[in-house]
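Lettering of chains follows the sequences in order, A, B, ..., and the numbering in each one begins at 1. If you're wondering where the values come from, they're calculated on a predicted model, not measured in any experiment.
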2 protein chains.
Amino acid sequence: MVRVSTSSRDDLAESLRERGLRVTPQRRAILAAFSAGENGHVTADDVFERAVAGLPELSRATVYNTLGELVRVGLLQRVDGAGPTLYDPNLDRTHHHFRCLRCGSLSDIHLEGEEDVQLAESGYVVERTRVTLEGLCPTCATTGDRRR
Amino acid sequence: MVRVSTSSRDDLAESLRERGLRVTPQRRAILAAFSAGENGHVTADDVFERAVAGLPELSRATVYNTLGELVRVGLLQRVDGAGPTLYDPNLDRTHHHFRCLRCGSLSDIHLEGEEDVQLAESGYVVERTRVTLEGLCPTCATTGDRRR
DNA sequence: ACCTAGCTTAGATCGCATCTAATTTACGAC
DNA sequence: GTCGTAAATTAGATGCGATCTAAGCTAGGT
Ligand SMILES: [Mn+2]
Ligand SMILES: [Mn+2]
Ligand SMILES: [Zn+2]
Ligand SMILES: [Zn+2]
């Protein structure tokens, strides 16, 4: 029988505590909704559905509150656009997004040669750069070109 | 007295007609809301407020319907993000946006050296690239650094 | 002048998100 | 272990931006 040095459960708890947040069953369940494999990019409602399965008394308000806190302390990033806000556990600032105009899917992408892009105007303090490409995802590009 | 070759009113009407849209008083008023100087980047409600001033019976549904048509035929672009959708009469694809994290303002920006940016993944059909920088606008950068 | 597809309208309805105010709980101090 | 309290949770109300409905109006072709 293998003894794991640190359980992932304790990791989650620790990452909350070290940021001054209390550890609650609700927060464990919400964080677990992201660890559950998947691609990332989930709506608040996705999170609620997954988390409420193991915690039936969970409230949507708690999901919104907690997602807000997790973004605030830097454990998640928000991805805004048309439609509901998506929450992304991938904090890698070199990854960007592709939004499919036909099926609406959002995928992670990487860019080549973007390091040197810089703002022509002055006076701005740039904290982050988001690049979003739009068009047809690989699936939709090969399944006919009708736009949704 | 100078005689202008084509009045801007007729220009607007023509740009509608040549795209197969009927010309109505409502659509004139809605388009006029963009011609009225300004920086661009207005919400549907901004447009409603400006247009209803000269056309009191105007309905919000018409504003939403018309803005949707104008985007569909390529006379406006949508700019989505946190908060209400903004409509932008500036269709220049080399202009991008800066979103201020303190005051929420959206400004036009231009980038240097973005031509060679390309997608590392394959199979995607890229129709357009949007770059959004986030941080502090010139005003907020010099008025203290509190985040809103 | 007439016809009709296209357009407009008030108000209902929707989806996502936030707020409220009462209750429960995590966790540091003892 | 007990206690006190700030933090967190809850159900439901509320808000806001946007879309839908279905009845009436009109631009523009014939
Ligand atoms: Mn991502
Ligand atoms: Mn713009
Ligand atoms: Zn697709
Ligand atoms: Zn600002």
Side-chain angles (χ1 to χ4, degrees), chain A residues 9-10 12-33 41-49 51-52 54-73 75-76 78-87 104 106 148, chain B residues 9-10 12-33 41-49 51-52 54-73 75-76 78-87 104 106 148:
Chain A
R9 159 155 295 197
D10 288 346
L12 296 182
E14 194 45 37
S15 63
L16 288 173
R17 253 189 285 264
E18 71 197 12
R19 287 158 214 270
L21 297 178
R22 291 188 180 175
V23 180
T24 66
Q26 291 83 355
R27 288 178 174 175
R28 285 185 197 280
I30 288 166
L31 279 167
H41 308 158
V42 293
T43 63
D45 211 58
D46 291 336
V47 172
F48 174 76
E49 291 301 338
V52 81
L55 204 71
E57 70 283 12
L58 180 66
S59 158
R60 278 170 205 281
T62 298
V63 172
Y64 281 104
N65 289 342
T66 298
L67 291 174
E69 289 297 289
L70 295 176
V71 168
R72 191 177 59 76
V73 303
L75 288 173
L76 293 177
R78 293 177 57 126
V79 181
D80 292 298
T85 294
L86 298 173
Y87 294 87
L106 188 87
R148 64 164 201 149
Chain B
R9 160 156 296 196
D10 289 347
L12 296 180
E14 194 44 38
S15 63
L16 288 173
R17 254 188 286 265
E18 72 196 9
R19 286 158 215 268
L21 297 178
R22 292 191 180 172
V23 180
T24 67
Q26 292 81 358
R27 287 177 178 177
R28 285 188 197 279
I30 288 166
L31 279 167
H41 309 154
V42 294
T43 64
D45 212 58
D46 291 336
V47 172
F48 175 75
E49 291 301 339
V52 80
L55 203 72
E57 71 283 10
L58 180 66
S59 158
R60 277 168 207 282
T62 298
V63 173
Y64 280 105
N65 289 342
T66 298
L67 291 174
E69 289 298 290
L70 296 177
V71 169
R72 191 177 59 77
V73 303
L75 288 174
L76 292 178
R78 295 177 53 128
V79 181
D80 292 298
T85 294
L86 298 174
Y87 294 86
L106 189 85
R148 65 164 199 146

J.: What is the separation between atom CZ on B:R28 and atom P on C:dC7, rounded to the nearest whole Å?
T.: 14 Å

J.: Report the nucleotide, chosen from C:dG11, C:dC7, D:dT10, that has the shortest atom-to-atom distance to any side-chain atom of A:N65.
T.: D:dT10

J.: Rounding to a whole Å, what distance do you find between A:L16:CG and D:dA8:C1'?
T.: 12 Å

J.: Taking only the side-chain nitrogens and oxygens of B:T43, find out if one of them lies under 4.0 Å from OP1 or OP2 of D:dG17.
T.: no

J.: Please report, rounded to the nearest Å, how far the C1' atom of C:dG15 is from the CG atom of A:D45.
T.: 10 Å

J.: Check whether any side-chain N or O of A:R27 sits under 4.0 Å from OP1 or OP2 of D:dT9, and answer yes or no.
T.: yes

J.: Does D:dG28 have OP1 or OP2 under 4.0 Å away from a side-chain N or O of B:T24?
T.: no

J.: Which of these nucleotides, D:dT26, D:dT10, D:dA18, is closest to any side-chain atom of B:A44?
T.: D:dA18

J.: Tell me the interatomic distance from A:L58, atom CG, to C:dT24, atom C1', rounded to whole angstroms.
T.: 15 Å

J.: So, applying side-chain contact (heavy atoms from CB on, under 4.5 Å) with A:L76, which one of A:L67, A:L31, A:L86 is it?
T.: A:L67

J.: Counting only side-chain N and O atoms of B:T62, is one of them less than 4.0 Å from OP1 or OP2 of C:dA10?
T.: no

J.: Taking the side chain as every heavy atom from C-beta outward, state whether B:R17 and B:R22 have any atom pair closer than 4.5 Å.
T.: no

J.: Please confirm whether the shortest side-chain N or O distance from A:T66 to OP1 or OP2 of D:dA8 is below 4.0 Å.
T.: no

J.: Reckon B:Q26 has a side-chain N or O less than 4.0 Å from the OP1 or OP2 of D:dT26?
T.: no

J.: Side-chain contact, heavy-atom cut-off 4.5 Å: A:L16 with A:V73?
T.: no

J.: For B:P25 and B:T85, find the nucleotide of DNA chain D closest to each by heavy atoms; which residue's nucleotide sits nearer the 5' end?
T.: B:T85

J.: If you find the nucleotide of DNA chain C closest to A:V23 and the one closest to A:R78, which residue's nucleotide is nearer the 5' end?
T.: A:R78

J.: Provide, to the nearest angstrom, the distance between the CZ atom belonging to A:R19 and the C1' atom belonging to C:dC27.
T.: 20 Å

J.: Less than 4.5 Å apart, any side-chain heavy atom of B:V63 and any of B:I30?
T.: yes

J.: Closer than 4.0 Å, any side-chain N/O of B:R17 to the OP1 or OP2 of D:dG28?
T.: yes

J.: C:dT8 C1' sits how many Å from B:E69 CD, rounded?
T.: 13 Å

J.: Might you work through the side-chain contact (heavy atoms from CB on, under 4.5 Å) test for A:L58 and A:F48, ending with a clear yes or no?
T.: CA-CA 8 Å; A:L58 180 66; A:F48 174 76; 4.1 Å; yes

J.: Roughly how many Å is it from OH in B:Y87 to P in D:dA18, rounded to a whole number?
T.: 6 Å

J.: If you check the B:R22 side chain, which of C:dA5, C:dA10, D:dA6 turns out closest?
T.: C:dA5

J.: Establish, with yes or no, whether the OP1 or OP2 oxygen of D:dT19 is under 4.0 angstrom from a side-chain nitrogen or oxygen of B:Y64.
T.: no

J.: Could you state the CG-C1' distance from B:D80 to D:dA18, rounded to the nearest angstrom?
T.: 12 Å

J.: A:P84 versus A:D45: any side-chain heavy-atom pair under 4.5 Å?
T.: no

